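These notes are about the structure you will find just below.
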Amino acid sequence: MDKKVAALLNDQINKELYSAYLYLDMANFYSAQGLDGFANWYEIQAKEEQDHAMLMYKYLHNNDQTVTLEAVAKPDKQFKELMDPLKAAHAHEQYVTSLIDAIYDAAQQAKDHRTVQFLDWFIKEQGEEEANSSGLIRKMELFGGDAKGLYMLNSELAGRTYSAPSLTI
Ligand code: FEO
């Protein structure tokens, strides 16, 4: 396997684990505000990020690559308003999309077709992640302005359930 592609994937494991940590901190923020539905949404988001990291971890091992686990950074975003995590999450997903795209480009340049195919799932997943995060901002703008709307939105987000990734390694 191309060394640069392997290094980027190894680095992405850390980025996905950081994402999990960041989303857990968002759940933490909403939980403290008494918004258990929003907290549930981000707890599940955190689990999905751990799944992403594990898929990359397993993929590298299956391809005889050594994985190096680095320190996961402290989530250092500051949240004051209820909208803040939603906007930070969307910006973060756009950033993650740029990272996945860069690995995809590197795999294509290295003619590493197997990794390109592996990353196809992540390309699609990032589209869903961004659609979800921007959709949440829109809902909050529309309905989050009064107590009743916020209660309804919180109830909706409480209904999110975890499902394992459709990609298996
Ligand atoms: Fe692993 Fe939310 O992207």
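First listed ligand is number 1; within each ligand, the first listed atom is number 1. Remember, it's a predicted structure, so these values are computed and weren't measured experimentally.
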Quick check: is [Y] connected to [X] through a chain of hydrophobic side chains (ILVMFWY, heavy atoms under 4.5 Å apart)?
X: Tyr151; Y: Phe143; value: no
X: Val67; Y: Ile103; value: yes
X: Leu82; Y: Leu86; value: yes

Tally of protein N, O or S atoms, where distance to atom 1 (Fe) of ligand 1 is under 2.8 Å: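 Total protein N/O/S atoms under 2.8 Å from atom 1 (Fe) of ligand 1: 3.
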Go through the side-chain N and O atoms of Gln12 and Glu16 and say whether any donor and acceptor fall under 3.5 Å apart.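 There is such a pair (donor and acceptor under 3.5 Å, judged by atom type) between the side chains of Gln12 and Glu16.
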Among His90, Gln45, Lys124, His92, side chain to side chain donor-acceptor pair (under 3.5 Å) partner for Glu129: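 Going through the options one by one, the only one that passes is Gln45.
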Scan residues 99-122 for pairs that pass ring-ring contact (aromatic ring centres under 6.0 Å, His included), counting only residues two or more places apart or in two chains. His52-Trp121, His52-Phe122, Tyr59-Phe118, Phe118-Phe122
